[in-house]
Amino acid sequence: MSWQKEVDELRRRQGLAREMGGPEKVARQRAQGKLTVRERIVILADGGSVREIGSIAGKATYKHGELESFSPSNLLVGRARIDGRPVVFSADDFTVRGGAADGAVWDKLAYAEQMANEYRLPLIRLVDGTGGGGSVKQLDTPDGRTYVPAVPGFHFAVDNLSKVPIVGLALGPTAGLGAGRVVMSHYSVMVRGMSQMFVAGPPVVAALGEKVDKEQLGGSHMHGANGVVDDVVDSEEEAYARARKFLSYLPSSVYELPPRVEPSDHTTRTDEALIAAIPRESRRSYKVRPILESVLDRGSFFEIGAGWGRSVVTGLARLDGWPVAILANDPMHMGGGIGADAAQKLVRLVDLAETFRLPLVHFVDNPGFVVGERSERAATLRHGARAIAAVYQSNIPCCAIILRRCYGLAGAAHMNQGRLRYRYAWPSGDWGSLPIEGGLEAAYKSELAASADPAATLAEIRARLDAVRSPLRTAEAFLIEEIIDPRETRPLLCEFANLAAPLRSREPSPLRYRP
């Protein structure tokens, strides 16, 4: 005798699970321009690599010992491969109970988190639903009852932030725990026009007297600009591509080192345009991204968070094939000054680099903290202090390229100066405690008041001070280690990346990463 009968029954139930919420619900999902959960996993993962776990978990009813009806769990979990590397996934099925947790099997959510934690594998969450308590209709059942809020496996979710790369993709309206699962990640993405995120949805908010639709309450236009998520894309396919790209720079866990790829760009490559990239007029802005593209491995810059904290540019890139974290001031926004949102964005990048042992390259044009009443109301001092602390608490190798300004307390945190100052300055370097342009009249107030020609006196003072602003005079005193021809930047950065690579420790950082 064999067990073929039981295997046939297993296959029948797996077939029922693959029907998801049924033809009508699946058609409704597609009519909204959304893929089904099973289509999503196939697109995300390497072909043929998906291994589902809990394939027949769900809710069943029986009559005379025979299966009468079956509703599959609306959470798929399992393993797959992305670019050849194993990962863990958890994915909501909106066609079953709208992705709400009362349509899931709670243990599956915890299982995915635990597997990523114990097997040291990256985790990708595809979120399309509440993932929380579901509907209050739960109470109106024969065994209905309330419960003290708890999230099974949440301790794994928190611990995973310090152990394995986590990607959160919002692929529909997500509320409560569902939205929390997106945010509890190292990299998060919303799809424009498809994704919304909120603590509670419009019906709950309406009960409090606020009438808004899903997009008004938590659309990507809001959360892509306030830093709730890192990036906003135009399609699901783009979200999956960015998830794969993000993971390519990181190790599978903090117990491994970030992988190098075969170099495809010359380390000695130079760019003649860099000699004129910084305007001689100090008040003129310029675009920093072309500079980054010029000196990093071609096509390797992966920007993160372009829509928020815009006075700083953050992302990942490669130098001679080695992955590095990139931080740059953007003078096109608030002159590159550090406001509250930019400080938070800076902390997020530095903590990511520290957690996964990515060397940091900082392109500096920092006039200091943003000033003014709006800045004070935004608690810039508090967030700025956290950013400084993050830099000084990091132990990763860091190379600073001072492009232009480096002023004040914020400028002083361009790197952890308690460690070796591995840095270069361009001839356009301009630094100090306070820019001359902002402090000249105040510093020489009495002299100007006593002058018969204040304008001429001011011009004379400015010329006198400008003469000592030359970065060459700073270098004479070894207060800046080396001034370089901007065209030499890429070769020197590639040299830094190769020197830093052996210093990366396999020991986990003492940092406990927080979202």
### Query
Quick one: does Gln29's side chain have a donor or acceptor within less than 3.5 Å of a partner on Lys25's backbone?
no
### Closest non-hydrogen atom pair between Leu67 and Ala60, with its separation
CD1-CB, 3.6 Å
### Message
Using a 3.5 Å distance criterion without hydrogens, assess whether the side chain of Asn160 forms a donor-acceptor pair with backbone atoms of Glu113.
### Response
yes
### Message
Let's go through Arg357 and Val254 carefully: what are the C-alpha distance in whole Å and the side-chain angles of both, what is the deciding distance for side-chain contact (heavy atoms from CB on, under 4.5 Å) to 0.1 Å, and is it a yes or a no?
### Response
CA-CA 8 Å; Arg357 300 309 200 201; Val254 296; over 6 Å; no
### Task
Could you tell me which non-hydrogen atom of Ala170 sits nearest to which non-hydrogen atom of Met197, and how far apart they are?
CB-SD, 4.0 Å
### Message
Measuring from atom CG of Leu161 to atom CG of Asn117, what distance do you get when rounded to the nearest 0.5 angstrom?
### Response
10.5 Å
### Message
Looking only at the aromatic ring of each residue, does the gap between the centers of Phe302 and Tyr187 stay below 6.0 angstrom?
### Response
yes
### Message
Quick check: do Leu327 and Val361 have side-chain heavy atoms less than 4.5 Å from each other?
### Response
no
### Atom of Ile166, atom of Ala157 and distance for their closest heavy-atom approach
CD1-O, 4.4 Å
### Task
Work out which heavy atom in Pro165 is nearest to a heavy atom in Leu250; give both atom names and the distance.
CB-CD1, 3.9 Å
### Exam field: side chain Ser195 to backbone Met190, donor-acceptor pair closer than 3.5 Å
no
### Query
What do you reckon, is CD of Gln32 surrounded by more than 12 foreign heavy atoms closer than 6.0 Å?
yes
### Message
I'd like to know if the side chain of Asn329 and the backbone of Gly336 have a donor-acceptor N/O pair within less than 3.5 Å.
### Response
yes
### Query
Do Val182 and Arg125 come close enough that some side-chain heavy atom pair is under 4.5 Å?
no
### Task
Measure the spacing between CG of Leu511 and OG of Ser394 and express it to the nearest 0.5 Å.
9.5 Å
### Query
With a 4.5 Å limit on heavy-atom distance, are the side chains of Phe363 and Ile326 in contact?
yes
### Query
Does the pair Glu303 and Val313 meet the rule for a side-chain contact (heavy atoms from CB on, under 4.5 Å), with working shown?
CA-CA 7 Å; Glu303 185 170 357; Val313 176; 3.7 Å; yes
### Intermediate values then yes/no, side chain to side chain donor-acceptor pair (under 3.5 Å), Ser375 and Thr380
CA-CA 6 Å; Ser375 176; Thr380 296; 2.8 Å; yes
### Full working for salt bridge (Lys or Arg N to Asp or Glu O under 4.0 Å) between Arg260 and Asp320
CA-CA 9 Å; Arg260 186 190 191 191; Asp320 197 23; 3.0 Å; yes
### Query
Should Arg13 and Glu9 count as an ion pair when the cut-off is N to O under 4.0 Å?
yes
### Task
Quick one: list whatever passes side chain to side chain donor-acceptor pair (under 3.5 Å) with Arg504, sequence neighbours left out.
none
### Query
Heavy-atom distance under 4.5 Å between the side chains of Ser253 and Val164, does that happen here?
yes
### Task
Grab the two heavy atoms, one from Arg18 and one from Arg38, that are nearest each other, plus how far apart they are.
CA-NE, 3.6 Å
### Query
Are Arg289 and Asp330 close enough for a salt bridge, meaning some N to O gap below 4.0 Å?
yes
### Task
Quickly, which of Arg40, Arg97, Arg181 forms a side chain to side chain contact (heavy atoms under 4.5 Å, CB included) with Asp92? Name it, please.
Arg181
### Query
Is the shortest heavy-atom distance from the side chain of Val77 to the side chain of Ser90 under 4.5 Å?
yes
### Task
Tell me, please, which residues at least two apart from Arg348 pass side chain to side chain donor-acceptor pair (under 3.5 Å).
Asp230, Tyr513
### Query
Who pairs with Phe496 by ring-ring contact (aromatic ring centres under 6.0 Å, His included), at least two apart in sequence or on another chain?
Tyr422
### Message
Can you tell me if Arg192 has over 12 outside heavy atoms packed within less than 6.0 Å of its CZ?
### Response
yes
### Query
Mind checking whether Leu10 and Glu6 have side chains closer than 4.5 Å, heavy atoms only?
no
### Message
Quick check against the 3.5 Å criterion: does Ser188 have a side-chain atom that pairs as donor or acceptor with the backbone of Val183?
### Response
no
### Main-chain N/O of His414 paired to His362 side chain as donor or acceptor, under 3.5 Å
yes
### Message
Given 3.5 Å as the limit, does a donor-acceptor pair link the side chain of Asp93 with the main chain of Leu75, or not?
### Response
no
### Message
Using side-chain contact (heavy atoms from CB on, under 4.5 Å), reason through Thr314 and Leu352 one step at a time and then give a plain yes or no.
### Response
CA-CA 11 Å; Thr314 58; Leu352 176 72; over 6 Å; no
### Task
First locate atom OG1 of Thr174, then atom CG of Leu169, and finally report the distance between them rounded to the nearest 0.5 Å.
11.0 Å
### Message
Does Thr355 form a side-chain contact (heavy atoms from CB on, under 4.5 Å) with Ser509? I'd like the steps, not just the answer.
### Response
CA-CA 6 Å; Thr355 298; Ser509 169; 5.7 Å; no
### Query
Does Glu66 come within less than 4.0 Å of Lys63, counting only side-chain N to carboxylate O?
no
### Query
With the threshold set at 4.0 Å, does a side-chain nitrogen-carboxylate oxygen contact exist between Asp46 and Arg85?
no
### Task
For Arg419, enumerate each residue passing the side chain to side chain donor-acceptor pair (under 3.5 Å) test, keeping only those at least two apart in sequence or located in another chain.
none
### Task
Output yes when Arg242 and Glu238 qualify as a salt bridge under the 4.0 Å nitrogen-oxygen rule, no when they do not.
no
### By side chain to side chain donor-acceptor pair (under 3.5 Å) - contacts of Ser55 (at least two apart)
Gln14
### Query
To the nearest 0.5 Å, what is the distance between CE (Met222) and CG (Leu217)?
6.5 Å
### Task
State the NE2-CG distance between His383 and Leu346, to the nearest 0.5 angstrom.
13.0 Å
### Arg30 with Glu39: basic N within carboxylate O range, under 4.0 Å
yes
### Message
Donor-acceptor check, side chain of Arg244 to backbone of Leu44, threshold 3.5 angstrom: yes or no?
### Response
yes
### Message
When you measure from the side chain of Lys214 to the backbone of Gln196, do you find a donor-acceptor pair of N or O atoms at a distance under 3.5 Å?
### Response
no
### Query
Around atom CD of Glu118, are there more than 12 heavy atoms of other residues, nucleotides or ligands at under 6.0 Å?
yes
### Query
Below 4.5 Å, heavy atoms only, C-beta onward: do Leu171 and Lys34 meet side chain to side chain?
no
### Summary
Here the gap from Leu493 atom CG to Cys399 atom SG, rounded to the nearest 0.5 Å, amounts to 5.0 Å
### Task
List the atom of Gly337, the atom of Ser311, and the distance in Å for their closest heavy-atom pair.
O-OG, 2.6 Å
### Message
Holding to ring-ring contact (aromatic ring centres under 6.0 Å, His included), I want the full list of residues that pass it with Phe198, two or more places apart in sequence or in another chain.
### Response
none
#### Entry: Within-4.5 Å side-chain heavy-atom neighbours: Leu126 and Leu76
no
